[in-house]
Number of protein chains: 2
Amino acid sequence: MAYKIKSRIWIESENNVLLGEGRVHLLKAIQNTGSLSKASKSLNISYKKAWQLLDSVNKSAKKPVTINSIGGKGGGGAELTDYGKSLILAFDDINRNCWAFLDKQLEKIKSL
Amino acid sequence: MAYKIKSRIWIESENNVLLGEGRVHLLKAIQNTGSLSKASKSLNISYKKAWQLLDSVNKSAKKPVTINSIGGKGGGGAELTDYGKSLILAFDDINRNCWAFLDKQLEKIKSL
DNA sequence: ATTCGTTATATTTGTCAATACATAACGATA
DNA sequence: TATCGTTATGTATTGACAAATATAACGAAT
């Protein structure tokens, strides 16, 4: 059976993690559901973990990635900013390209 | 301050990790010291952890990566096989290329 | 046979992180 | 003002992983 090359990439800001695969999943789930609590349920993670992740993202980013509102109609909610959407697009693009790149590198260990 | 892209790559065999950065460090230390126990000391990890890592490497690889000897002159020792050396070279090469690749991708988030 | 430094392994202990649980704060609406 | 489903936190418990400790097995050399 052949060896495989796996990878993980992430974006850091001042030595803090800004975006990784898990955080991107969370942001996409927020985009789909309109709230952090619904997003956490859809990802099968605790609300607290989701909140900590999102808090970390917003604290690491140069500009807000989500707008969170407490109380009011529906109890509140969370939605992505345009900046947040562009971050996700950039991450996904780089990640896909990285996979393609490593796929080519696979040649180098095919004979091993 | 600008965002940074970080990455980690590893080689898998049958869903088991074969080589990552830590394992490569260990193999290089074995190459330099001639024994697993000396290698573990030079990396400041316990002998047990080093042994578990090396055991996992040898069990995941298609061919032996090290030759370990017990007892005898000097008490024994461990040394890399030619196969192990070529694995290290391939990993380092791919890893370096991946860094260079991601450095180019950095353009895409420069404006964010 | 004894010694030696190593590889090899089991067992216990400690540490850290994830999880679960609980609760406060909020503000539009009725 | 009472209600509602959120966001926002604190606290306690659990569980997985790391570390420490201990010891067996080995075989060349003396």
Side-chain angles (χ1 to χ4, degrees), chain A residues 8 10 12 15-18 20-61 63-81 83-84, chain B residues 8 10 12 15-18 20-61 63-81 83-84:
Chain A
R8 191 139 292 184
W10 64 96
E12 286 192 5
N15 289 340
N16 297 315
V17 175
L18 167 62
E21 263 177 49
R23 289 161 192 244
V24 166
H25 278 149
L26 178 62
L27 292 180
K28 287 177 177 172
I30 291 173
Q31 198 170 22
N32 290 333
T33 62
S35 98
L36 179 55
S37 87
K38 282 177 189 154
S40 70
K41 278 170 193 148
S42 81
L43 293 184
N44 264 3
I45 61 176
S46 68
Y47 172 83
K48 178 170 189 174
K49 178 168 182 178
W51 180 84
Q52 284 174 330
L53 276 174
L54 181 59
D55 187 53
S56 167
V57 168
N58 276 317
K59 279 180 176 157
S60 305
K63 296 196 283 184
V65 171
T66 63
I67 301 289
N68 309 328
S69 55
I70 318 176
K73 182 163 96 177
E79 61 177 356
L80 293 197
T81 61
Y83 183 67
Chain B
R8 190 139 295 183
W10 64 97
E12 286 192 5
N15 288 340
N16 296 316
V17 175
L18 167 61
E21 264 179 47
R23 290 161 192 244
V24 166
H25 278 149
L26 177 61
L27 293 180
K28 286 177 178 173
I30 290 173
Q31 198 169 21
N32 291 333
T33 62
S35 98
L36 180 55
S37 86
K38 282 177 190 155
S40 70
K41 278 169 192 148
S42 81
L43 294 183
N44 264 3
I45 62 177
S46 69
Y47 172 83
K48 177 173 187 173
K49 179 167 183 179
W51 180 85
Q52 285 174 330
L53 276 174
L54 181 58
D55 187 54
S56 167
V57 168
N58 276 317
K59 279 180 178 159
S60 305
K63 296 195 281 182
V65 171
T66 62
I67 300 290
N68 309 329
S69 56
I70 320 175
K73 182 163 96 176
E79 61 177 356
L80 294 196
T81 62
Y83 184 67

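We name chains A, B, ... by the order of the sequence lines, and we start the count at 1 in each one.
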Pairs: protein N or O with nucleotides 26-30 of chain D N or O, under 3.5 Å:
residue : atom : partner : partner atom : Å
D:dC26  : O2   : B:Gly71 : N            : 3.1
D:dG27  : N3   : B:Gly72 : N            : 2.9

If you define the side chain from C-beta out and look only at heavy atoms, does anything of B:Leu26 sit under 4.5 Å from B:Val57? no

Reading DNA chain D from 5' onward, which residue's closest nucleotide shows up sooner: A:Leu54 or A:Gly74? A:Gly74

Set of residues satisfying salt bridge (charged side-chain N to carboxylate O under 4.0 Å, His left out) with respect to A:Lys59, sequence neighbours excluded: A:Asp55

Return the value, rounded to whole Å, for the distance between atom CD of A:Glu79 and atom C1' of D:dT7. 14 Å

Distance under 4.0 Å to a non-hydrogen atom of chain A counts as contact; along DNA chain C, which nucleotides mark the start and end? C:dT19 to C:dA28

Sequence neighbours left out, cut at 3.5 Å: what donor-acceptor pairs do the side chains of residues 31-39 of chain A make with other protein atoms?
residue : atom : partner : partner atom : Å
A:Asn32 : ND2  : A:Lys28 : O            : 3.3
A:Thr33 : OG1  : A:Ala29 : O            : 2.8
A:Thr33 : OG1  : A:Ser35 : N            : 3.4
A:Thr33 : OG1  : A:Ser35 : O            : 3.0
A:Ser35 : OG   : A:Ser37 : N            : 3.4
A:Ser35 : OG   : A:Lys38 : N            : 3.0

Residues two or more places apart in sequence or in another chain: which of them pass side-chain hydrogen bond (donor to acceptor under 3.5 Å, both in side chains) with B:Tyr47? none

Mind checking what makes side chain to side chain contact (heavy atoms under 4.5 Å, CB included) contact with A:Lys73, not counting sequence neighbours? none

If the condition is salt bridge (charged side-chain N to carboxylate O under 4.0 Å, His left out), which residues does A:Glu12 pass it with, not counting sequence neighbours? B:Lys6

Can you list everything that forms a side-chain hydrogen bond (donor to acceptor under 3.5 Å, both in side chains) with A:Ser56? Sequence neighbours excluded, please. A:Arg23

For the student: nearest non-hydrogen atoms of B:Ser60 and B:Asn16, plus distance: OG-CB, 3.6 Å

Output the residues of residues 26-51 of chain A in contact with DNA chain C, where contact means a heavy atom of the residue under 4.0 Å from an atom of the strand; sort by number or write none. A:Lys48, A:Lys49

Hey, could you give me the CG/CD1 distance between B:Leu43 and B:Ile30, rounded to the nearest 0.5 Å? 9.0 Å

Those residues at least two apart in sequence (or on a different chain) that pass side-chain hydrogen bond (donor to acceptor under 3.5 Å, both in side chains) with B:Thr66 are B:Asn58, B:Asn68

